[in-house]
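In what follows, every heavy atom counts, from backbone to side chain, and hydrogens, waters and symmetry copies are set aside. We name chains A, B, ... by the order of the sequence lines, and we start the count at 1 in each one.
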2 protein chains.
Amino acid sequence: MAGLAKRNPPADVYAAQCPSRGVLDHLTSRWGVLVLVALAEEMHRFSALRRKIGGVSEKMLAQTLVTLEEDGFVERTAYPEVPPRVEYRLTPLGREVAVKVESLVDWIEANVPRVQRARAAR
Amino acid sequence: MAGLAKRNPPADVYAAQCPSRGVLDHLTSRWGVLVLVALAEEMHRFSALRRKIGGVSEKMLAQTLVTLEEDGFVERTAYPEVPPRVEYRLTPLGREVAVKVESLVDWIEANVPRVQRARAAR
DNA sequence: TTCGTTACTTACCAAAAGGTAGGTACTTAC
DNA sequence: GTAAGTACCTACCTTTTGGTAAGTAACGAA
């Protein structure tokens, strides 16, 4: 039958086993957010990301990049050179979410003082 | 001196010890995101949140609510009754971020199939 | 009379996250 | 000749996270 598509139930983040939960976890992971906004700015090599994102270990950065690549948000291009050169950039899908993530991050950076005042007020 | 305000350096999420990192962590925590979007819909009692957010334990929900309250995103109102009744709602600050968080969550819910296709394609 | 409901808190334990260090292979700089 | 840079991977160990269960106080329902 032409046009037959598997229809799965609509996503619902409140449901513990909804696949959207996994995507949410990857995107909002400690380093996932920062990788996304860094790559939204421009292409980065592995070591450039590592230097840019303060506090990431190589292990965590590599792991984060793998899961973001698996989910189709990040594209990895390796050049068969020595020393190795690998470029990371966002896919079209990645660019779409990055917009949302960036706007959250921008809000946070702009409003840290208000949060600090709230903390101090108690 | 009137009008003297402590000027701290602009927030930078890339810097490991920038306070924005802490705020980011709280907001993008596993349960923080879900609490925020739930409270963006309407006021919830503790047990209502617990039932709505699939998979949260009481301990984690309580902990998440405390940190969101400390940061000034959530307001807690307890009524001295037995059995106890406590209402949680967003503060004005909370409503602002919730907009950003909701738009991320909405995007995810709408695009899970694309992510799944990306995963399948490898 | 005993159970369930409410909103937690605390203690204890298991699981997961994440840091550190070392190895690789080859090139360029010193 | 030695050290550094590159992009990782793996093993080991510590830290953090999170789940489970029990306790609380008072009331309404069965």
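Atom-to-atom distance recorded for B/Leu36:CG and B/Glu41:CD is 11.5 Å, nearest 0.5 angstrom. The CG atom of B/Leu61 sits 6.0 Å away from atom CD1 of B/Ile53, with the distance rounded to the nearest 0.5 Å. Distance check, rounded to the nearest 0.5 Å: CG of B/Leu34 to CG of A/Leu24 gives 6.0 Å.
Considering every non-hydrogen atom in both A/Glu81 and A/Arg85, the closest pair reads OE2-NH2, 3.0 Å. Residues B/Ala16 and A/Gly54 approach most closely at CB-O, 3.7 Å, considering heavy atoms.
The stretch residues 11-19 of chain A has no heavy atom under 4.0 Å from DNA chain D, so no residue of it qualifies as close.
B/Tyr88 places its OH atom 8 Å from the P atom of C/dA7, with the value rounded to the nearest Å. Atom CZ in A/Arg50 sits about 12 Å away from atom P in D/dG5, given to the nearest Å. Rounded to an integer number of Å, the gap from CZ of A/Arg85 to C1' of D/dC8 is 16 Å. Distance CD (B/Glu81) to P (D/dA26): 14 Å, rounded to an integer number of Å. Between A/His44 atom NE2 and D/dT6 atom P there is a gap of 14 Å when expressed in whole angstrom units. Atom P of nucleotide C/dG18 and atom CG of A/Leu65 are separated by 14 Å, given to the nearest angstrom.
Within the helix from C/dT1-D/dA30 to C/dC30-D/dG1, the inter-axis angle between the opening and closing five-pair segments is 10°, rounded to 10°.
Taking only side-chain atoms of B/Val82, from C-beta outward, the nucleotide of D/dT6, D/dA26, C/dC8 with the closest atom is D/dA26. Of the listed nucleotides (D/dA7, C/dC8, D/dC8), D/dA7 has the atom at the smallest distance from the side chain of A/Arg45. Listed nucleotides C/dA7, D/dC8, D/dT6 differ in distance to B/Phe46; the shortest reach to its side chain belongs to C/dA7.
The residue B/Tyr79 sits apart from the nucleic acid: no heavy atom pair falls under 4.0 Å.
Position along DNA chain C of the nearest nucleotide to A/Glu58 versus A/Pro84 favours A/Glu58 as the more 5'-ward residue.
The pair A/Lys52-A/Glu42 fails the salt-bridge criterion, with no side-chain N (NZ, NE, NH1 or NH2) lying under 4.0 Å from an Asp/Glu carboxylate O.
Although no hydrogens or angles enter the test, the distance criterion places no donor-acceptor pair under 3.5 Å between the side chain of A/Arg76 and the main chain of A/Tyr88. A donor-acceptor distance shorter than 3.5 angstrom exists from the side chain of B/Asp12 to the backbone of B/Tyr14, with no hydrogens or angles considered. Proximity of a side-chain donor or acceptor of A/Thr91 to a complementary backbone N or O of A/Gly72 within less than 3.5 Å is detected.
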Might you list the N or O atoms of the protein lying below 3.5 Å from N or O atoms in nucleotides 11-18 of chain D, with each pair's distance?
from, atom 1, to, atom 2, distance (Å)
D/dG18, N7, B/Lys59, NZ, 3.2

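Contact annotation: the side chain of A/His44 never approaches that of A/Val35 to less than 4.5 Å [non-hydrogen atoms, C-beta and beyond].
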(Q) What verdict does the side chain to side chain contact (heavy atoms under 4.5 Å, CB included) test give for A/Leu68 and A/Trp31, after you've listed the backbone C-alpha separation in whole Å, the side-chain angles of each residue and the deciding distance to 0.1 Å? (A) CA-CA 11 Å; A/Leu68 290 179; A/Trp31 306 114; over 6 Å; no
